[in-house]
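Every chain is numbered from 1, with letters handed out A, B, ... down the list of sequences.
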Amino acid sequence: MTESKLPSKDNFSEWYHELLKAGEIIDVRYPVKGMCVWYPFGFAVRRNVYDLMRSLLDPDHLETQFPLLIPETEFMKEAEHIKGFEDEVYWVTHGGTSPLDIKLALRPTSETAIYPIFKLWVRSHADLPLKIYQIVNTFRYETKHTRPLIRLREITSFKEAHTVHASWEEAAEQVEAALTIYAEFYRRLAIPFLFARRPSWDKFPGSDYSIALDTVMPDGRTLQIGTAHHLGTNFATTYSITFEDEGGEQQFANQTCYGVSERCIAALISVHGDDKGLVLPWAVAPVQVVIVPILFKEKEATLEVCRNIKEKLAAAGMRVVIDEGDERPGAKFYRWEMKGVPIRIEIGPRDIKNGVAVLARRDGKKLTVLLGELNETIERVAADLQEGMLARAQAFLESKVKDCETAEEARAQTGAGVARVGWCGSEECGHRIEEEVGAAVLGEPWRSEETYQGSCLVCGANTEKCALLARQY
RNA sequence: GGGGCCAUAGGGUAGCCUGGUAUCCCACAGGACUGGGGGUCCUGUAACCGGCGUUCAAAUCGCCGUGGCCCCA
C-alpha cells in the first residue's frame, strides 16, 4: 500500500494544512483556538530563518527583551493606538484569586511596553539614534477565522524593531533602511513581494504612514509579510520621549517601528512548496544534504563510505544526515522530499565500485558525480537551486499582477491575483474602489520604478497615482 | 457582525436516521523474506471531544460548553 499523498497545490488551502503536518512544521492540535505547536523540525526552520534575520539586523540594532504584560494605565495612553487594538487584547485580571488593581494586557504589540522605558533611556541627542529589536510572542484575540502561521491568537515569532531619532527626516530614512533589510531578507529566502504604502484607513494605529510588504500566495490572495511604520512624534508626545538637542532645547523624538512575524515562514512554505512537499532554500533548510545508502549487500562497506562523505561535507559547514533506517530507498526519497531537503545523495555498491555518487536535486534533476568532486558540485548546485527558486517565484508573482481599467475587470482579476487601477488618492474614492471591486486597497506602490498614467477608477480624474487591489489573508 | 455544517485510535474513515458486540485504510511495535522511487506476509497496539439530561441501556436522541470547517456582510 502507498502512503497517502499530499493534495495538489491547486487546492491551496488543503495542501497548506496537510503540508504543515506532513512536513512536520506545525502541529495544529493544541486545544486552544489560534494557538499551535512548533514541531522540532519546523522550529529548526524557524531558527535558521530568524538567525538570518538577526544577522541582517545586528550590525545596526541591539537585541533586547521587554515584558509580556503591559499595565492598563500605560496601554490606554495613546488613543488612536488603543482604538486599533482594544477589541483584540487579552487581559490578565487576577493574581491567583485576587482581582488586580490594575489589569495587565498581554502585548498585542509592544509599543506601550517599550516607550515608557525609552522615555528613561533617551535624555540627550547623544543617546540617538536608538535602535533595538526583540523576537517575542504577542497575543491577539482574533475573532475571524484563524489559520496556522497566518492568523493566530498567539503570534509566536514576532520580530519587532523600534527606533528613536532626532528628526522626522532621519526616521523616514530609517523606514527605508528597514525596507532594505527586509528586501534582503526575502531575497535570501527567494520570496518576491510588492512594497505598498498602506492607505490612511489601514495604516498602523498611531503612525504617520505605513509601508507594507505583500507577497502573492498560490491562490492569488496576498499575504502581508512585513511592515515598517513612521510614528512621527505621536508616541513620543504621549510617552514624553524627549531629548536635549545641541542647542539645549528639549525636543520630542521621532520614532519608527517595523516587524516581521512567522508569516514569513507561511510564505516560505507556500511560495516554494510543490506537490511532493516542502522546498526549502539552502540557507534555511535544517537538512541541506541527505545521504541515502543503498543497503543490500556489503552493508558495512557502503555505510563506511557514506560516513566519510558526511564528515567531509560537514567539515565544509553543511548540515548533513545519513538515513540509515531500514525502510526501502524509495520510501526514504519521498520522506526527505516532503521535508524540503535541497540535495539527496544516493550511494550503493555499484557507485562505490565506480567511485561516484548519484546526486538528486529537489527540483527533480539527477546527476552522477565523482566522489572527489562532491563538495564543489554541491556548492554549485545549491547556488543553482536558489537561483531557480527565485526566478520561478518572481515569474509567478509578475504573472499575478495586472493593470485593470474597470471595476468589473478588477473584480475578476482580484479573484486570483492583484489588480492595479488608477486612483486619485482620496479616501472617499479609495473606499468606493474597495466596495465596487470587492477587494482591499493594499495601497500605492512604494519604491517602484514604474510610473503610472491613467484616471481614477471612481471619479475619473487624471492621475499619476495607482492602487494595488487584492483579496488578503 | 449574520447564518450553516461537523467532532469516532497518531491521521483519514464506516456505523448514527431506526439506541444494545465499533468498520476499513494508513501510521506505529515485533518477526520473516526483501532492497537504485511509496514492498509482501504474519502477529500486535490504539478511538466514540467534555458536561448534563432522556433511557434498563447512548458513539447513536436532546441541551450546554469547547474545538474545527464553510458561506454571506
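- A side-chain N or O of A:His229 and one of A:Ser210 form a donor-acceptor pair less than 3.5 Å apart.
- A:Arg344 comes within contact range of at least one nucleobase, with a heavy-atom separation under 4.0 Å.
- A salt bridge links A:Glu74 and A:Lys77; the closest N-O separation between the charged side-chain nitrogens and carboxylate oxygens is under 4.0 Å.
- Distance A:Glu142 CD to B:G67 C1': 17 Å, rounded to the nearest Å.
- Phosphate proximity of B:G11 to A:Arg29: present, with a side-chain N or O under 4.0 Å from OP1 or OP2.
- If A:Ser13 and A:Thr143 are placed on RNA chain B by their nearest nucleotide, the residue sitting closer to the 5' end is A:Thr143.
- What separates CG of A:Asp326 from P of B:A29 is a distance of 10 Å, to the nearest Å.
- A donor-acceptor contact under 3.5 Å is formed by the side chain of A:Lys299 with the base of B:G35.
- If you check distances only, the side chain of A:Asp351 does reach the base of B:G36 with a donor-acceptor pair under 3.5 Å.
- The CD atom of A:Glu337 sits 14 Å away from the C1' atom of B:G36 (whole-angstrom rounding).
- Judged by closest nucleotide on RNA chain B, A:Lys21 is the one of A:Arg350 and A:Lys21 placed further toward the 5' end.
- At a cut-off of 3.5 angstrom, the base of B:G12 holds no donor-acceptor pair with the side chain of A:Glu18.
- Stacking here means ring centres nearer than 5.5 Å and ring planes tilted less than 30 degrees, and by that measure A:Tyr334 stacks onto B:G38.
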